[in-house]
Amino acid sequence: MILELDCGNSFIKWRVLSALAGVLVAEGVVDSDQALIESLRSLDKLSLGKCRLVSVRTEDETNLLIGLLKREFDISVVCATPAREMSGVKNGYEDYERLGLDRWLAMLGGFHLAGGACLVLDFGTAVTADFISSEGEHLGGFICPGMPLMRHQLRTHTRKIRYGDLAAERALTSHVPGRNTVEAVERGCSLMLRGFVLTQLEMARSYWGEGFSVFITGGDAELVSDVVPEARVVPDLVFVGLAMACPLS
Ligand SMILES: Nc1ncnc2c1ncn2[C@@H]1O[C@H](COP(=O)(O)OP(=O)(O)O)[C@@H](O)[C@H]1O
Ligand SMILES: CC(C)(COP(=O)(O)O)[C@@H](O)C(=O)NCCC(=O)O
Ligand SMILES: [K+]
């Protein structure tokens, strides 16, 4: 079996595929290395052979996790690394190594699935947008705070914005003006994300008219997906790119 990991700033997304057919065996989201090991240990008939992973964490943190995986499961681990060009996509950063690897893999996955120009939007801790032309040229992108960061900033830099997770979830069932703090904040931040999406769409149209695909991924993808009905919500877009960047022979 193959273990795939997407180590973001907040969560580790994991999944286990069968070695031969690549069929999904199990998957999950965890908030620590230890929780990952526990989730995997609890699986029935787990027999991991290999692991491929992408991380936007520090080298030290990533190496710690790799060491842990090798000790626990005695597997080989392959890490996605930066590239100037891969699978027809050309990295557009001045310094290609500085582009976040999760963005790079989502771009590889998006361009592969679209077979043409695409806009890739990722809603995680940070929100990112990346533009890839029909020739596979990465035009660049944008980074801004995602929902968890916007919430956190308001909660920590004001005296009177305090509320719990359940209230936050309930507040997001509508976007009418809030009549209490939790509604006002949650809906306000959600509208910022939705406005961001519309701006990115406008920019993509100015480049490519109607000839492009939109991909939406990341843990908070559902907060914005209805703004772009034609978009493809692909929660595992980073994994699509990871398999392309790290083929396991
Ligand atoms: N099962 C889940 N576990 C944790 N967070 C989730 C889950 N489903 C959706 N989310 C949302 O995903 C967001 C984090 O997105 P994610 O793409 O995992 O971020 P990152 O890659 O930066 O770690 C959180 O704000 C949370 O609201
Ligand atoms: C932009 C990001 C913080 C997004 O991370 P995420 O929200 O997925 O955890 C990550 O891709 C990153 O650290 N990038 C390096 C900086 C850059 O892409 O320019
Ligand atoms: K991510």
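Counting starts at 1 for both ligands and their atoms, in listed order. Scope of the values below: all heavy atoms of this structure, side chains included, with no hydrogens, waters or symmetry mates.
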Problem - Charged N-O contact under 4.0 Å between Lys13 and Glu27 - result: no
Exercise for the section: Kindly indicate whether a cation-pi arrangement holds for Arg52 with Phe239, taking the cut-offs as under 6.0 Å to the six-membered ring centre and within 45° of the axis. Expected result: no
Exercise for the section: Taking only heavy atoms of Gly218 into account, list the atoms of ligand 1 that are under 4.0 Å away from them. Expected result: 17 (O)
Problem - Minimum side-chain heavy-atom gap Arg57-Leu65 below 4.5 Å - result: no
Problem - Minimum-distance pair of heavy atoms, taken over all atoms of Tyr163 and Ala168 - result: CE1-CB, 3.8 Å
Handout entry: Those atoms of ligand 2 less than 4.0 Å from some heavy atom in Arg103
Key = 11 (O), 17 (C), 18 (O), 19 (O)
Problem - Shortest protein contact, atom 19 (O) of ligand 2 (heavy atom only) - result: Tyr93 OH, 2.6 Å
Handout entry: Atoms in ligand 1 flagged as close to Gly8, the criterion being non-hydrogen separation under 4.0 Å
Key = 20 (P), 21 (O), 23 (O)
Exercise for the section: Return the residue, atom name and 0.1 Å-rounded distance of the protein heavy atom closest to atom 13 (O) of ligand 2. Expected result: Val56 CB, 4.3 Å
Handout entry: Residue, atom name and distance, where the atom is the protein heavy atom closest to atom 8 (O) of ligand 2
Key = Asp102 OD2, 2.7 Å
Exercise for the section: Determine yes or no for a side-chain-to-main-chain donor-acceptor pair under 3.5 angstrom, with Thr217 supplying the side chain and Asp122 the backbone. Expected result: no
Problem - Carboxylate-amine/guanidinium contact Glu135 Lys90, below 4.0 Å - result: no
Exercise for the section: Say whether Arg151, considering both its backbone and side-chain N or O atoms, lies within less than 3.5 Å of an N or O atom on ligand 1. Expected result: no
Handout entry: Heavy-atom protein neighbour under 4.0 angstrom from atom 6 (C) of ligand 1
Key = no
Practice task
Check ligand 2 against Ala126 and write out every atom of the ligand that is under 4.0 Å from a heavy-atom position of the residue.
Solution key: 4 (C), 7 (O)
Exercise for the section: Only heavy atoms count here, so choose which of Asp220, Thr217, Val29 is nearest to atom 13 (C) of ligand 1. Expected result: Asp220
Problem - Inter-residue atom distance Phe142.CZ - Phe196.CZ, 0.5 Å rounding - result: 7.0 Å
Practice task
Using atom types as modelled and distance alone, determine if a side-chain donor or acceptor of Thr173 lies under 3.5 Å from a backbone N or O of Glu169.
Solution key: no
Exercise for the section: Run through Val56, Leu242, Val238 and flag the one making a side-chain contact (heavy atoms from CB on, under 4.5 Å) with Asp6. Expected result: Val238
Exercise for the section: Just need the protein heavy atom nearest to atom 16 (C) of ligand 2, so name the residue and atom and give the distance. Expected result: Arg98 O, 3.6 Å
Problem - Atom indices of ligand 1, in the order listed, that fall short of 4.0 Å to a heavy atom of Pro148 - result: 25 (O)
Handout entry: Where ligand 2 meets Thr125 - atom numbers and elements under 4.0 angstrom, heavy-atom basis
Key = 7 (O), 9 (O)
Handout entry: the K ion (ligand 3) - name of the N/O/S atom of Asp102 that sits closest to it
Key = OD2
Exercise for the section: Keeping the roles fixed (side chain from Arg84, backbone from Asn91), state whether a donor-acceptor pair exists under 3.5 Å. Expected result: no
Practice task
State the atoms of ligand 2, each with its element, that fall below the 4.0 Å cut-off from a heavy-atom position in Leu99.
Solution key: 18 (O)
Exercise for the section: Give a yes or no on this: more than 12 heavy atoms of other residues, nucleotides or ligands lie within 6.0 Å of atom NE2 of His175. Expected result: yes
Completion exercise
heavy-atom search around atom 22 (O) of ligand 1 in the protein gives Thr125 OG1, 2.5 Å
Handout entry: N or O pair under 3.5 Å between Ala126 and ligand 1
Key = no
Problem - Val197 and Phe123, any side-chain heavy atoms less than 4.5 Å apart - result: yes
Handout entry: Flag, side chain of Arg151 to backbone of Glu186, donor-acceptor distance under 3.5 Å
Key = no
Problem - Sub-4.0 Å heavy-atom approach of Lys13 to ligand 1 - result: yes
Practice task
Among all protein heavy atoms, pick the one closest to atom 4 (C) of ligand 1 and tell me residue, atom and distance.
Solution key: Phe11 CZ, 3.5 Å
Practice task
Please write down residue, atom name and distance for the protein heavy atom closest to atom 9 (C) of ligand 1.
Solution key: Gly219 O, 3.0 Å
Fill in the blank from the handout: The closest protein heavy-atom partner of atom 14 (N) of ligand 2 is Gly100 CA, 3.3 Å
Exercise for the section: Give the numbers and elements of all ligand 2 atoms closer than 4.0 Å to a heavy atom of Thr128. Expected result: 1 (C)
Exercise for the section: Number the atoms of ligand 2 from 1 as they appear, then name those within less than 4.0 Å of a heavy atom of Asn9, with their elements. Expected result: 3 (C), 5 (O), 6 (P), 9 (O)
Practice task
Determine the sole option in Leu5, Leu101, Leu53, Val54 for which the side-chain contact (heavy atoms from CB on, under 4.5 Å) test with Cys79 is passed.
Solution key: Leu53
